[in-house]
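Notes to accompany the following structure.
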Number of protein chains: 2
Amino acid sequence: MPLEIRPSQALRLWRQVHLDLVRDGEPDLSARQTAILLTVYLELPPHTVRGLAKQLGVTKPVITRALDTLGKLGLLTRKRDEEDRRNVVIQRTVAGALAVERLGDLVTEHAKEIGAG
Amino acid sequence: MPLEIRPSQALRLWRQVHLDLVRDGEPDLSARQTAILLTVYLELPPHTVRGLAKQLGVTKPVITRALDTLGKLGLLTRKRDEEDRRNVVIQRTVAGALAVERLGDLVTEHAKEIGAG
DNA sequence: CCCGATCGTTACGGGTCCGTATCATTATCG
DNA sequence: CGATAATGATACGGACCCGTAACGATCGGG
């Protein structure tokens with residue numbers, strides 16, 4: 001069941017959501033941070049630094065730094081993997097789940113407003 | 001004619017597009033830069049620094065800096081308004097129009113892939 | 001055991017962006 | 001004219017992120 005949307009509608013949707021994200025005053029997430037956050041919350045665990053780096057096509061320090069920032073914002077946490085202590089497992093948080101849910105609602109609401117463009 | 005989309009679908013769409021934007025290697029635009037770019041290309045001219053600042057709810061230096069960057073990327077240009085030389089008019093470019101069109105296609109393609117989530 | 005491989009982190013130099021304050025230029029109006 | 005207002009740009013100190021390279025900790029095979 002594909003989602004029906006035309007490029008002109010997609011662009012209006014993209015603009016409206018970004019306008020809201022800018023206007024709400026909270027710190028904007030970069031594209032990389034957004035991709036990481038949504039991957040952790042939408043894909044099945046476990047999530048590791050290396051795995052995220054591979055999925056995004058970026059280097060590991062990029063992931064480490066993004067996790068520092070997202071962790072500081074309370075949107076996710078890190079935990080040592082006790083089975084293989086070299087690994088770090090990225091875990092979800094309540095605040096992160098709420099933020100992701102808000103984003104989903106935001107996109108959905110703006111989609112509703114967009115008529116035949 | 002509202003666009004039908006559920007939050008879970010919206011989130012998967014948001015993730016997929018951001019993954020592509022990260023992976024394509026080109027410099028990521030910030031949320032502010034994206035909002036400015038799409039406003040210039042979707043809303044009727046003329047566009048001024050002050051007008052954009054008001055629409056985004058940010059200060060004028062934020063717009064000036066974003067225009068510096070977007071201009072350096074060739075996505076838009078500035079021109080003095082000859083009728084009131086205090087104003088600067090932001091204009092579209094061919095490269096910018098192509099980039100916006102690509103974004104619209106990107107969102108549309110991923111929307112097609114998203115089934116009943 | 002020990003050596004190599006793997007994991008995530010840190011260090012470094014450079015670039016970009018932030019918010020606030022200030023600036024030069026131009027227009028407006030008494 | 002001259003004073004005031006408005007516009008966009010610039011200066012500044014601080015924060016964040018980048019890519020590359022190196023690092024310490026941990027695992028695993030000979």
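None of these values were measured; they are calculated from a predicted model. Chain letters run A, B, ... following the sequence lines, proteins first and then strands; every chain starts at 1.
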Could you list by number each residue of residues 18-44 of chain A showing a heavy-atom separation from DNA chain C of less than 4.0 Å, or answer none if no residue does? none

Residue whose closest nucleotide on DNA chain D lies nearer the 5' end, A:E82 versus B:V49: B:V49

How close do A:A10 and B:G104 get, counting heavy atoms only, and between which atoms? CB-O, 4.0 Å

So if I take every side-chain heavy atom of A:T48 and compare against C:dT26, C:dG8, C:dT20, which nucleotide ends up nearest? C:dG8

With respect to B:Q33, which candidate in B:V62, B:L67, B:D28, B:T69 satisfies the side-chain contact (heavy atoms from CB on, under 4.5 Å) definition? B:T69

Starting at the 5' end of DNA chain D, which residue's closest nucleotide do you reach first, A:V58 or B:T64? B:T64

Kindly say if B:R65 contacts the phosphate of C:dT16, meaning a side-chain N or O under 4.0 Å from OP1 or OP2. no

Does the separation of the ring centres of A:H110 and B:W14 fall below 6.0 angstrom? no

Salt-bridge test for A:R78 and A:D68: reply yes if a basic N is under 4.0 Å from a carboxylate O, no otherwise. yes

Outermost DNA chain D nucleotides near chain A [under 4.0 Å, heavy atoms]: D:dC17 to D:dC27

Does OP1 or OP2 of C:dC7 have a side-chain N or O of A:R86 closer than 4.0 Å? no

Check the phosphate of C:dC7 against A:R50, side-chain N and O only, distance under 4.0 Å to OP1 or OP2. Yes or no? yes

Among C:dC17, C:dT16, C:dG8, the one nearest any side-chain atom of B:K72 is C:dT16

